[in-house]
Amino acid sequence: MRRYLETIKSEEAVRKILERIRPIEDEELIPTYRGNGRITTRPVAAKYSNPPFVCSAMDGYATTFEKTIEADVTRPVTLKKGSEAVRVNTGDAMPEGMNAVVIREEVEESERFIVIRRPLYLWQNIRMVGEDIIEGDMLVPTNHVMGIFDVSMLISAGVANIHVRRMPRILVIPTGKELIDIYEKQQGTRNQEKRLIDFNSHLLAEMAEETGFQATRHPIIADRKELRDVVNRSVNDYDVLLINAGSSAGDEDYTEDIISDLGALVFHGVSMMPGRPAIFGIVHDKPVFGIPGYPVSAAISFQTFIEPVYERLTTKRIQRRSVPCFTPYKIPSRIGMEEIIRVNLQQHHGRYYVFPLPRGASIFSSMARADGLMRIPENIEGYGEDEEIECLLLKDEADIANRVHIVGSHDLSLDIMRDLMKRAYPEADLLSTHTGSLSGILAVKKGVANLCTTHILDDQKNVYNIPVIEKYLPDREVALVHIAKRQQGLIIRKGNPKKIAGIEDLGREDVKFINRQFGSGTRILVDLLLKEKGVNKESIRGYEREESSHTAVGIAVRESVADAGVAIYAVAKIFSLDFIPLAEEEYDLVVAGEFTKDQRFARLMEIIRSDIFKKRLEEIGGYKTEHTGTVKYGKL
């Protein structure tokens, strides 16, 4: 039996790790100008005072204040240049015997004399020796984390070099016969060889560098003996080893055996999702980790286990920022397993709301898009609606606040909007969360979203979007802005190998279908068309298989996961699929009344109504833009 089936809690895992880690005692001498972020191993004292001599604090003339005491506007004092007044610049040493400086703007001068109409006082406009720093003063103590101002302060005090703790060294070892290095072979061979691009090792190495490690990435290892030799040899040169993949229960997952053979296994398996198969052991007194192969699991495992190791090795705390958030709807989870969920944040009326992203451990794009991480403890079955939780931020709050967030239906037009938004306003951004049309409208109704996209047809009135707004938002002041008309249809592989003629063929036993998520406008359209044709949903193979975007449906059909799906024409064009038209839809934007006065909405409307937006929509195909940007319902 694989030991990782006997899991421990993440808190216990971290405790077991830290019990076996000791801070790095090795030090190194480095130039002070390279000291930002480093940790001192000795107290640092000033070599020189700053300033090291009495000097002028201003551009002007050095003199003695006693000679200026009688000066005023009506009875000025005249001083002879050279003997009674000496020209000085800021930072110049004061001439001997002089004790004040009059700034240049306050004198009247001729070739040989200056005239002063205001008395000076002792040491006026002069910096004394050690005004800032005194020679011998301790400037920073041992175990001080150096900042950029510390670096400059030490240099100003004549400290050219400092002793700092050696940076921890980490080795990332990618493993697996299925991997290919994009920098060693052409990416174009990937599909022919059916091998996966290794990006996990780059991810882990970059995370390590950002944390503060000196990271090295080893070439891909596909052989057990080579991995054993590399681990046995490398623990002498590195403080931490990360073996990526090989921690689960597959035939080639032999990380546990290698650690046990060379040292001692501490644990294999954590009751945490993603990241359950994580491994930790000690080889020759060095920590060795087996990091799960799925990319989100790898990233979460690094944050959960490796960051605390860095803090212990260096005694340096990693700055983390969490904010209180609220759940816009019920977020379920499996009891008995701590779950870490990637989320987008929507700020509304001073509150943050969390919108979960796809949870799969292999869906790394959701990690790249996430604003934060929320944790669901193992002893509860998730959170109910409007519960307060803590969210660990992955992005800056200012960036979140300056962003337009659209929930609801997916469409390629949203990507174009985002690109044009970033081009016109680099400090801004646009985020779209694909909840489906109806879920987006309900989010606006609850007051947790300002914008949603929708394309819901009322089959009784044969009208798009307005009836559903009147039904669900009768008491909300909203407006409906037209984005475009678009073609929806069946997408099938090139050449139509299954000879699918229309929606009625989805009921055939030899046809596999892929659906959109419940509540999406596309799903509603599919159900209406099936009802019209008298096709029983239960007869459709794959009706229950759901995707949250048109492009996800497109790739599933292209790769033969399904024979057919319903998506927009532009997706068929992108993936070189055949297209059978089913409907021309109206794709619109619902905006909450109070948000129409927001500058972010003004920018969005500027983009939607622009000629370049319409042109780019028409170029990808399947869109009509004659009425793009018009208000169909309510007012702006």
Side-chain angles (χ1 to χ4, degrees), residues 328-329 355 405-414 417 432-490 503 514-533 535 537 543 546-553 565-571 581-593 595 608 617 622-625 627-634:
Y329 43 75
F355 289 85
H405 189 176
I406 301 175
V407 301
S409 173
H410 171 253
D411 188 77
L412 299 182
S413 62
L414 297 170
M417 288 181 203
S432 57
T433 303
H434 310 144
T435 62
S437 297
L438 186 56
S439 295
I441 288 172
L442 292 177
V444 174
K445 179 180 181 179
K446 293 174 184 177
V448 300
N450 291 312
L451 299 165
C452 89
T453 44
T454 178
H455 58 108
I456 296 179
L457 174 66
D458 184 292
D459 59 334
Q460 301 296 319
K461 300 180 180 179
N462 200 32
V463 174
Y464 273 95
N465 301 322
I466 293 175
V468 75
I469 289 176
E470 293 174 335
K471 178 180 178 180
Y472 288 100
L473 304 173
D475 302 320
R476 288 295 308 273
E477 182 183 344
V478 297
L480 186 68
V481 177
H482 182 59
I483 296 177
K485 288 184 178 181
R486 65 182 193 179
Q487 284 185 293
Q488 281 260 47
L490 282 170
I503 198 83
I514 187 162
N515 212 344
R516 288 292 304 280
Q517 79 271 39
F518 180 79
S520 67
T522 301
R523 174 72 165 263
I524 292 170
L525 174 66
V526 167
D527 289 346
L528 286 174
L529 294 175
L530 291 174
K531 183 179 178 181
E532 284 180 8
K533 296 294 184 179
V535 180
K537 300 174 188 176
Y543 179 86
E546 299 179 349
E547 292 291 349
S548 63
S549 71
H550 294 276
T551 47
V553 172
V566 175
I568 56 176
Y569 171 80
V571 165
L582 295 176
E584 183 178 70
E585 296 184 321
E586 296 185 25
Y587 186 70
D588 298 328
L589 177 71
V590 179
V591 54
F595 194 66
I608 291 173
L617 266 185
Y623 291 95
K624 293 181 180 178
T625 61
H627 304 293
T628 293
T630 59
V631 180
K632 296 172 56 177
Y633 179 89

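Each residue takes its place number in the sequence, starting with 1.
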Do we see a donor-acceptor contact under 3.5 Å between the side chains of Q487 and E584? no
dist Y329:OH -> L442:CG (nearest 0.5 Å) comes out at 11.0 Å
Answer whether the closest heavy-atom distance between the side chains of H550 and L412 falls below 4.5 Å. no
Does the side-chain contact (heavy atoms from CB on, under 4.5 Å) test come out yes or no for F595 and V444, once each step is laid out? CA-CA 11 Å; F595 194 66; V444 174; over 6 Å; no
Gap between atom CD1 of I503 and atom CG of L529 - 0.5 Å precision: 5.5 Å
Would you say the side-chain atoms of T630 pair up with the backbone N or O of H627, donor to acceptor, closer than 3.5 Å? yes
Can you name the nearest heavy-atom pair linking I568 to Q488, along with the distance? N-OE1, 3.5 Å
Is it the case that more than 12 heavy atoms not belonging to Y569 sit under 6.0 Å from its OH atom? no
Shortest non-hydrogen contact from V590 to T454? CG2-CG2, 3.8 Å
Kindly give the heavy-atom pair with the smallest separation between L617 and I483, and that separation in Å. CD1-O, 4.5 Å
Can you find a heavy atom in the side chain of I524 that is under 4.5 Å from one in the side chain of F518? no
Can you tell me how far OG1 of T435 sits from CD1 of I406, rounded to the nearest 0.5 angstrom? 11.5 Å
Separation between NE2 (H455) and OH (Y464), nearest 0.5 Å, reads 8.0 Å
Give the C-alpha distance, both sets of side-chain angles, the deciding distance and a yes or no for side-chain contact (heavy atoms from CB on, under 4.5 Å) between L480 and L589. CA-CA 6 Å; L480 186 68; L589 177 71; over 6 Å; no
Residue pair H434 / S548: nearest heavy atoms and the distance that separates them: CB-O, 3.5 Å
With heavy-atom distances below 4.5 Å as the criterion, would you say the side chains of V591 and V478 are in contact? no
Is the number of heavy atoms from other residues, nucleotides or ligands within 6.0 Å of NZ (K446) greater than 12? yes
R523/N515 under side-chain contact (heavy atoms from CB on, under 4.5 Å): CA gap, chis, key distance, verdict: CA-CA 7 Å; R523 174 72 165 263; N515 212 344; 3.4 Å; yes
Should L457 and N462 be marked as a side-chain contact (heavy atoms from CB on, under 4.5 Å) after you check the CA-CA gap, both sets of side-chain angles, and the distance that decides it? CA-CA 6 Å; L457 174 66; N462 200 32; 3.7 Å; yes
Rounded to the nearest 0.5 Å, the OG atom of S520 sits from the CG atom of L525 at a distance of 9.5 Å
Taking atom types as modelled, is there a side-chain donor on Y623 or S413 under 3.5 Å from an acceptor on the other? no
Any chance you could measure I469, atom CD1, to K445, atom NZ, to the nearest 0.5 Å? 13.5 Å
Option from T522, T453, D588, I456 for which side chain to side chain contact (heavy atoms under 4.5 Å, CB included) with S409 holds: T453
Which heavy-atom pair separates L414 from S432 by the least distance, and what is that distance? CD1-CB, 3.8 Å
Give a yes or no on whether K632 atom NZ has more than 12 heavy-atom contacts from other residues, nucleotides or ligands under 6.0 Å away. yes
Check whether any side-chain heavy atom of L473 lies under 4.5 Å from a side-chain heavy atom of I441, and answer yes or no. yes
Testing the basics here: between R486 and H410, what is the closest heavy-atom pair and its distance to 0.1 Å? NH1-O, 3.4 Å
Using the rule given for ring pair (Phe, Tyr, Trp, His ring centres under 6.0 Å), can you reason through H405 versus F355, listing the C-alpha separation, both sets of side-chain angles and the distance that settles it, and then say yes or no? CA-CA 11 Å; H405 189 176; F355 289 85; 5.5 Å; yes
